[in-house]
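The structure under discussion appears below in the form of structure tokens.
Excluded from the calculations below are hydrogen atoms, water molecules and symmetry mates; all remaining heavy atoms, backbone and side chain alike, are included. Chain letters run A, B, ... following the sequence lines, proteins first and then strands; every chain starts at 1.
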Amino acid sequence: MTLVQCLLLASALFSVGVYGLITRRQAVAMLLSIELMVNAANLALVAFAKYAGAPTQPLVLFTLAITVAEVAVGLALVMLLYRRYDDTLLDAASETKG
Amino acid sequence: MNDPIFLAALALFVPIAAALFLLVAAPVRHRGAPAAGVCVTASVVALAAAVRLVFVHAAQGDARWTTTWISAAGKPIAEVGLHLDGASVSMLAVVCLVALCVQVFSVAYMHDEPPRGYGRYFSFHALFLFSMNLFVLAPNLLQAFAGWELVGLTSYLLIGFYFAKPSAAKAAVKAFWMTKLADMGFLFGLLWLFVATGSFEWTTKLAPEVAVGVTLLFFLAVVGKSAQFPLHIWLPDAMEGPTPVSALLHAATMVAAGVFLVVRADPLFAQADATREVMLWIGSFTAVFAACLALVQRDIKKVLAYSTCSQLGYMVAALGAGSAFAGYFHLGTHAFFKALLFLAAGSVIHAVHSNDLADMGGLRKKMPLTTLTFVIGALSLAGIPGFAGFFSKDLVLATLEGRANWIPWAMLMGAAFLTAFYMGRVVCMTFFGALSHKAEHAHEAPLWMSGPLLVLAVPSVGAGFLGGWLAHSLGAHYETHVGLTPIVASTMAIAGLLGSIAIYGRRRDASVAGAIERLDKASMVDRAWELGYRRALLGVSGLLGWFDRYVIDGLMNFTGYTTIEAGAAVRGAQTGRMRHYLVAVVVGAVLLALMGLL
Amino acid sequence: MNSWIHVLSLDLAVVAIAAAVMLVDALLSLRGKSLGWLVVAALTGVLAASFFVDVVGVTPHGAYVSDAWVLFFKRVFLVAAILGILGSIDWLEQRASRRQAEYYALVLFSLVGMMLLPGARDWVLLVVAFELMGVPLYVLAGYAKNDGEPDSPKLAAEAALKLFVTGAASSTFTFFGLALLVGLSGSTMIGQGVQPSPLASVGLLMIIAGFGFKLGAVPFHFWVPDTYQGAPTPFVSFLSVAPKAGGLAALCVILMSTGWIGSHELWGPAIVLLSVASMAVGNLFALPQTDSRRLLGFSGIAQIGYVLIALAAATEQGLAMALFFIAAYVFTNLGLFLVVHAAAENMGGHGIAQMSGLSRRSPWLGGALLVFLLSLAGIPFVIGFWAKLFVFLEAYRAGLIVPVLIGIVLAVVGLFYYLSVARSTFMAEGTSDARIHSGLALRAAIGICLAAVVLFGLWPDPLVEGANAAARAFMAGR
Amino acid sequence: MSDAWFWLLAAGLCASAVSVVRSRDLVRAVLWLALGLLLTAGLYAYLDAPFLAGVQVLTYVGGVATLMVFGVMVTRRHTSASAEASNDSNAVGVLAALGVFALLATAILKTDLPESSAPTQTTAELGRALLDTYLLAFEAVSLLLLAAIVGAVVIARRRDVETRETRGSAALPSIRVGRTEAD
């Protein structure tokens with residue numbers, strides 16, 4: 001296996017995440033898509049560590065931690081959305097515009 | 001009290017101190033009358049200092065004081081200070097005198113305003129005087145730009161003073177937009193100049209193409225501020241402001257700032273012949289164009305507004321012809337007689353409560369003092385020999401005489417005729433003839449108003465004789481001479497005046513009309529007038545007026561309108577939906593990243 | 001103690017204050033406004049200390065380099081935080097009295113993140129600091145979740161979510177770009193070992209895209225007006241300036257430290273594009289706004305466009321002027337939002353029409369509003385005039401003539417809406433003539449901003465010198 | 001391990017990722033994500049990063065469980081949860097995803113990727129790096145997590161009495177006390 005294939009795999013995963021980010025209307029599903037995209041980045045990092053000898057493994061831990069923090073706050077906000085709108089559809093909250 | 005710097009600083013800082021005091025001391029401002037007192041006192045001090053400065057300058061010569069404003073790595077980028085030479089010292093005196101007269105006039109004119117508005121009005125005036133002086137005394141282009149912008153802002157406040165009137169608010173916005181549009185030229189030229197030379201000095205040696213580019217950009221700003229074609233359209237609209245404001249801004253000071261900028265930056269403009277050529281043509285054209293439009297106005301203030309455009313055209317043409325002194329001289333005399341005309345018009349408007357010439361007539365008997373001063377102003381503006389306007393206008397025309405291209409000279413001559421004609425028309429329609437309905441209860445203005453008129457009437461007559469002295473302090477050469485130009489010019493002026501009396505005098509005053517009628521029968525003059533005036537001249541004026549209103553003004557309005565509409569149209573893009581925002585993020589990121597591949 | 005710990009003394013002090021706030025809240029449960037004042041006092045102490053403590057130095061492995069550049073930004077952030085908190089004290093005490101400590105703590109956490117940004121020379125630290133700055137902001141944006149106005153709880157949720165969603169999505173791009181860049185360079189040090197290649201370029205630009213979100217640059221700007229509208233206005237005063245300064249610091253570190261300053265032709269056009277788009281979109285969208293917060297949101301987008309132009313110049317002077325601009329912007333915009341807040345609290349809403357008659361009800365607030373608006377519009381003798389002039393000057397000097405021209409034209413459009421706000425507050429008649437009363441803290445914050453805007457407007461030299469020194473240090477030590 | 005493993009894991013990963021974003025049912029989407037993350041852990045192991053593989057599994061057990069709770073909560077109560085991607089945004093999504101992939105793939109293929117046989121970091125080296133090279137970032141991350149916890153609690157806390165009776169409570173009439181907040 002080579003670095004190219006790993007990176008292409010990561011890119012594919014990232015793109016799938018992008019698709020989800022754009023099309024999903026559920027707030028929770030959007031969080032899932034973000035997890036997918038971060039996962040893709042992590043995969044690329046690990047691949048670089050293996051094939052290019054880059055010291056990228058610690059970075060994976062940091063992105064994981066950051067994502068955890070983001071998702072924690074994100075879930076709290078989704079809960080707030082749910083309480084205010086009785087719904088977790090992102091489009092429900094679109095009162096400010098124009 | 002002989003330190004010129006101290007005197008100039010006094011003239012500069014006393015008005016701003018008054019403005020700040022009025023800003024902070026709300027109770028004083030709200031009571032109205034005390035605010036007027038503060039403002040007028042400040043102007044008196046400023047004027048005294050400015051006049052004293054004129055004499056000190058005559059004795060001691062030029063002076064300059066600057067301090068570093070902004071430095072980078074210990075090296076000054078820009079300086080702030082006071083620059084005193086013939087031009088700035090005399091301009092300072094003119095500005096202070098006119099401002100003081102206008103303020104004193106306003107004390108009575110604005111009397112019916114509620115006290116709060118009254119106070120605010122005078123605090124704006126103090127601020128305006130400061131801005132204008134800051135501009136006049138600027139030792140470099142950067143400070144001049146700062147003053148220029150402040151002048152623009154204050155004029156916005158003053159024009160829009162009757163904010164409750166939608167048309168006034170609109171006019172203020174329009175005036176501001178037009179001048180701002182032109183100011184972009186100033187800013188851009190400033191940047192160019194600094195990048196090219198590393199300084200903001202008035203007297204920088206430039207590469208030829210830079211000189212042309214920079215001065216053309218500055219000239220764009222002048223076109224806006226000094227209401228030259230095609231950016232002149234804000235000036236007539238700005239007549240929505242109180243009449244004394246028109247006198248101050250649109251006659252004597254603010255619009256003259258553009259001309260003064262060119263006078264000041266003459267060393268730069270001298271390096272750009274192409275720019276001067278453009279100025280010559282635009283100035284000449286504006287002079288004729290605006291004079292034609294003044295011919296058909298019914299609103300007395302609009303006549304004067306177009307007349308201002310026209311006279312500024314003279315100045316710009318003189319500057320374009322390479323004579324900064326001629327332009328500056330006309331600027332000075334014009335400041336006096338145009339301020340006088342506006343204030344006298346204000347006095348009339350105050351009396352009859354209308355701007356419309358049709359509502360006036362026969363005021364001669366009711367308001368003798370106003371009539372006298374207005375006529376003096378009108379004669380001066382018309383360029384009747386002996387009055388101030390004659391000398392300066394003659395000088396402008398003389399600079400153009402003998403040039404290879406005679407068309408500008410001829411155009412300005414034509415404009416001189418038209419000027420005399422429309423001023424005669426206004427005088428006839430306002431002060432002579434039968435008493436109109438609205439004028440029946442008119443009475444002479446109080447002393448607060450007529451006083452400034454009398455004060456301004458003096459230089460309107462006599463300022464022409466100061467030409468030699470002014471030329472001396474500016475380092476230019478000036479002598480009165482008898483030649484083709486003065487003779488043609490005075491003939492034009494007198495002919496225009498007589499013509500208008502012939503046409504407009506008859507309708508009003510039975511005895512004069514009868515005499516003219518008898519004269520007409522004896523000759524074919526009547527026929528000639530009918531054909532030449534009513535058909536040709538008024539026709540052209542009407543056409544130009546249509547063009548002005550619907551094409552130029554329309555175009556400018558369209559630009560503003562489209563901008564605002566564009567803003568409203570794109571609003572929909574902000575959908576409020578997070579999904580769409582995410583699409584934007586993704587697309588933006590992809591597009592950015594794509595730049596890395598290309 | 002290690003010999004390098006003094007480098008981070010200011011940051012550690014802020015962490016200590018944050019910890020103290022939570023402890024004090026847990027143990028003493030202070031009520032009223034005392035906690036806020038204490039935090040302000042402590043932060044002011046830190047700001048004062050920044051003038052005496054020697055913070056120049058480098059941490060082990062060179063992850064963090066502290067010099068005049070870092071100090072400049074730290075002071076800007078500290079000032080923004082002090083003023084932002086000062087402006088929030090009254091609002092918090094009235095509307096969220098049980099959540100005061102958390103508010104201050106979150107602001108302080110965000111502050112620590114910001115303060116770490118300009119000195120970070122390690123990708124890991126940079127990204128972590130960026131997130132530390134950002135995550136508390138998501139929460140704070142939703143702080144009006146129980147606020148009194150009928151629709152504000154809903155708007156609060158929406159405001160926070162929009163900020164979060166955009167931010168989290170942007171972060172993923174940053175992460176992926178980071179993975180590519182670090183993987184290719186074989187080092188987590190910024191700018192080390194990068195061989196120019198298409199993938200590295202794509203990675204770098206993805207990182208820029210991720211950071212562009214915090215700046216509110218187009219097209220990552222959509223959250224800005226929506227969030228400004230729903231978040232508590234005193235917080236928005238902080239949100240609208242500090243994270244932008246932070247984003248600018250991070251962007252500078254990335255762009256100028258990448259070691260391939262020669263690659264200016266790569267990122268230069270990207271930044272110019274962002275800048276022009278921001279100026280155009282911000283100014284045009286601001287025109288039809290009727291809500292003052294939205295208008296200021298779009299205006300902020302436009303202002304970021306001006307900053308980016310100076311940055312795109314990629315010269316020391318350009319960098320210095322970008323710094324000057326952002327410092328000027330901190331005082332101006334923060335003060336402006338606080339005035340809007342003070343007015344809205346008394347006049348029944350944030351609509352521009354609702355502000356009419358403000359100058360009559362409170363000449364002081366009206367005057368302050370006018371000064372801030374003039375500063376944003378770039379009228380002489382307030383700080384914004386210099387900021388705009390300098391930025392255009394440096395960009396022009398670097399040859400970015402067309403963007404500067406566009407900027408100047410659009411600045412005129414900006415003038416239009418700034419003055420229309422001023423007109424409605426100054427000239428239109430309001431419905432009431434009752435005097436407006438605002439709290440001491442709010443007044444103090446506005447007063448400080450006003451003084452800074454006016455004094456630095458009259459005498460910009462000290463601030464210009466500071467910005468110059470910072471830029472010089474950065475370019476020398478990068 | 002052979003290449004076959006890689007292809008197997010990769011295929012599974014792609015399939016589960018697509019299922020995450022396509023699945024209408026939130027609970028299923030969460031389960032697919034869990035599978036995807038597990039497969040990624042497998043890939044980590046394959047790529048000589050056993051420690052990271054372990055961390056991945058451990059971290060996401062907690063994370064995914066929380067997500068699942070949410071998914072269940074939301075889908076059980078609401079019919080609107082099934083209202084998912086409409087076709088128009090589907091097209092946009094496909095286009096955007098393809099664009100991103102095309103961009104990244106082109107960049108990857110056009111680049112001369114470094115090849116190095118340097119051994120990857122051992123777990124011990126990883127630990128040292130965290131607490132030495134990245135000490136500052138490590139401390140900052142702990143602050144970040146603290147901030148996130150504080151923030152999440154503030155946002156999610158159901159009842160905090162807001163208005164004080166003494167001050168302007170009349171001006172703050174309608175604190176929305178929703179169904180879920182009443183308890």
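When heavy atoms are compared at a cutoff of 4.5 Å, C:L132 does not approach chain A at all. The contact between A:T67 and chain C is made entirely by side chain atoms (from C-beta outward), counting heavy-atom distances below 4.5 Å. Neither the backbone nor the side chain of A:A65 comes within contact range of chain C, judged by heavy atoms closer than 4.5 Å. Contacts between C:S187 and chain A at a heavy-atom distance below 4.5 Å involve the backbone alone (N, CA, C, O). Contact of C:F173 with chain A is made through backbone and side chain together, with heavy-atom distances under 4.5 Å. Both the backbone and the side chain of A:I34 come within less than 4.5 Å of a heavy atom of chain C.
Scanning all heavy atoms of the two residues, the minimum distance from C:G183 to A:A52 falls at O-CB, 4.3 Å. The two atoms that bring C:E131 and A:E70 nearest to each other are OE1-OE2, 2.8 Å, heavy atoms only. Taking all atoms of both residues into account, the shortest heavy-atom contact from A:L21 to C:A169 is CD2-CB, 3.7 Å.
If you take CG on A:L81 and NZ on C:K154, they are separated by 10.0 Å, rounding to the nearest 0.5 Å. Remark: C:L184 CG to A:L7 CG distance equals 8.0 Å, nearest 0.5 Å. Taking OG1 from A:T63 and CG from C:L178, the interatomic distance works out to 8.5 Å, rounded to the nearest 0.5 Å. Between atom CG of residue C:L161 and atom CE of residue A:M30 there is a gap of 7.5 Å, rounded to the nearest 0.5 Å.
Interface remark: of the candidates C:T188, C:L180, C:T290, C:L180 forms the most heavy-atom pairs closer than 4.5 Å to chain A. Highest contact tally toward chain C, considering only A:A44, A:P55, A:A69, is held by A:P55 [criterion: heavy-atom pairs under 4.5 Å]. Residue with the most contacts toward chain A among C:V124, C:L199, C:V139: C:V124 (heavy-atom pairs, distance under 4.5 Å).
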Carefully, step by step, assess A:T56 and C:W123 under the rule side chain to side chain contact (heavy atoms under 4.5 Å, CB included).
-> CA-CA 11 Å; A:T56 44; C:W123 281 114; over 6 Å; no
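Aromatic ring centroids of C:F175 and A:F62 lie 6.0 Å or more apart.
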